[in-house]
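Report on the following structure.
What you see is a predicted model; the values in this text were computed from it and never measured. Convention: sequence-line order gives letters A, B, ...; per-chain numbering from 1.
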2 protein chains.
Amino acid sequence: MSTSLKPAHIDLPAPPTRPDPNHAGCRGVASVLSRVGDKWSVFVIMTLGDGPKRFNELKRIIDGISQRMLTLTLRGLERDGLVTRTVFPTIPPRVDYELTELGRGLADPVQALGQWAFAHLPEIEGARTRFDQRNDT
Amino acid sequence: MSTSLKPAHIDLPAPPTRPDPNHAGCRGVASVLSRVGDKWSVFVIMTLGDGPKRFNELKRIIDGISQRMLTLTLRGLERDGLVTRTVFPTIPPRVDYELTELGRGLADPVQALGQWAFAHLPEIEGARTRFDQRNDT
DNA sequence: CAGTATCCTCATAGATACTG
DNA sequence: CAGTATCTATGAGGATACTG
């Protein structure tokens, strides 16, 4: 595997000079947002939101994700204690992924953000269009 | 400038085959989370949370951010309608950045996520340590 | 002061092939 | 079925130098 499970963007840059509580929080936020904001984690968390799923089940539902990326995303989430990985030693093998209590807790604020995003998507897209028109030609 | 203001990870991959409402929401979420989850946007949004700031003021406060990345991040946020950029044609020039109404609205769910992150950071770090011990040898 | 313009590096993510 | 292994490209992000 070429990609480490401890990506650089999770262990963040230079510590703040001021021990500002806002900043301490910010580092934590950013650490979680890096995890949650990467290309696929949200999809996986949301998909697991309505019950445990198997590997290829996730792959089918999320569509567009490569096998490799699904594996890496799941390992990352597992590392952070957000999902559990349960292996059933049958033939063919079966592996279930499920949100932990922690993972379900994370799903809430993420969904809040999601609802905000959904509600304001028209505004944002409008702003993007206007900005691009001002700057394109 | 080598980096586009319309990064590929914001205009997302293949559209879902099923018009699942959950999925439509997910794409929106992911779009915003990509913006919010990139390396610096959260810091900027949070820093602007307590009032407008100037370019170098932001650069000093956020520390670790390069001039280039601050510029790009601010442009991205401006493009999405989350911050305004106000130029005072004085000498030396002065440019103020400020959260828009939209930006302040985003700050709320982001802070919610941030508080969750801060509250559960010990759990997450514990999980990471245990995972790494299981797999490092 | 507030940026652009370049150059460079390395991590992220896709495609493909192979395996227990 | 559920992964690993390998190769490759793309582009995010840093360093530095220059400018209105």
Item to check | Nucleotide-level pairing of DNA chain D, given in dot-bracket where Watson-Crick and G-U pairs need both distances under 3.5 Å and | marks other strands | outcome: ||||||||||||||||||||

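At C/dA5, none of the side-chain N or O atoms of B/Arg68 fall inside 4.0 Å of OP1 or OP2 (strictly under the cut-off). Note on B/Arg54: a side-chain N or O is less than 4.0 Å away from OP1 or OP2 of C/dA2. OP1 or OP2 of D/dC1 has not a single side-chain nitrogen or oxygen of A/Arg60 nearer than 4.0 Å. One finds a side-chain N or O of A/Lys39 lying less than 4.0 angstrom from the OP1 or OP2 phosphate oxygen of C/dG14.
With hydrophobic clusters built from ILVMFWY side chains whose heavy atoms lie under 4.5 angstrom apart, B/Ile91 does not share a cluster with B/Val95.
Note: CD (B/Gln67) to P (D/dT19) measures 15 Å, nearest angstrom. Atom CG in B/Leu72 sits about 12 Å away from atom C1' in D/dG11, given to the nearest Å. Regarding A/Lys59, its NZ atom lies at a distance of 12 Å from the C1' atom of D/dG3, rounded to whole Å. One interatomic measurement links the two molecules: CZ of A/Phe88 to P of D/dA2, which rounds to 11 Å at whole-angstrom precision. The distance from atom CD of A/Glu57 to atom P of D/dA2 is 9 Å, rounded to the nearest whole Å. B/Asp38 has its CG atom 13 Å from the C1' atom of D/dG11, to the nearest Å. In this structure, the CZ atom of A/Phe43 is 12 Å from the P atom of C/dA13, given to the nearest Å. Rounded to a whole Å, the CE atom of A/Met69 is 6 Å from the P atom of C/dA13.
If you check C/dA2, C/dA13, C/dA17 against the side chain of B/Phe55, the one that comes closest is C/dA2. Relative to the side chain of A/Thr71, the nucleotides C/dG14, D/dG3, D/dG14 differ in distance, and D/dG3 lies closest. Minimum atom distance to the side chain of B/Trp40 is reached by D/dG14, of the listed D/dG14, D/dG3, D/dC1. Counting only heavy atoms from C-beta on, B/Arg75 has its side chain closest to C/dT4 among D/dC1, C/dG14, C/dT4.
In this pair, A/Phe43 and A/Trp40 present their aromatic rings tilted. The plane angle is within the 30 to 60° band.
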Next on the checklist: If you apply the rule side-chain contact (heavy atoms from CB on, under 4.5 Å), what do you find for B/Leu106 with A/Leu113, and how did you get there?
Outcome noted: CA-CA 8 Å; B/Leu106 174 57; A/Leu113 195 51; 3.7 Å; yes

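Between B/Tyr97 and A/Ile65, the residue anchored nearer the 5' end of DNA chain C, judged by the nucleotide with its closest heavy atom, is B/Tyr97.
With respect to A/Asp96 and A/Arg94, a salt bridge is recorded, a charged nitrogen being found less than 4.0 Å from a carboxylate O. Salt bridge annotation for A/Asp63-A/Arg60: absent, with no cationic side-chain nitrogen under 4.0 angstrom from a carboxylate oxygen.
For the pair B/Leu102 and A/Trp116, the tightest heavy-atom approach, listed with the atom from each and the gap, is O-CZ2, 3.4 Å.
A donor and an acceptor atom, one from each side chain of A/Asp132 and A/Thr129, are nowhere located under 3.5 Å apart.
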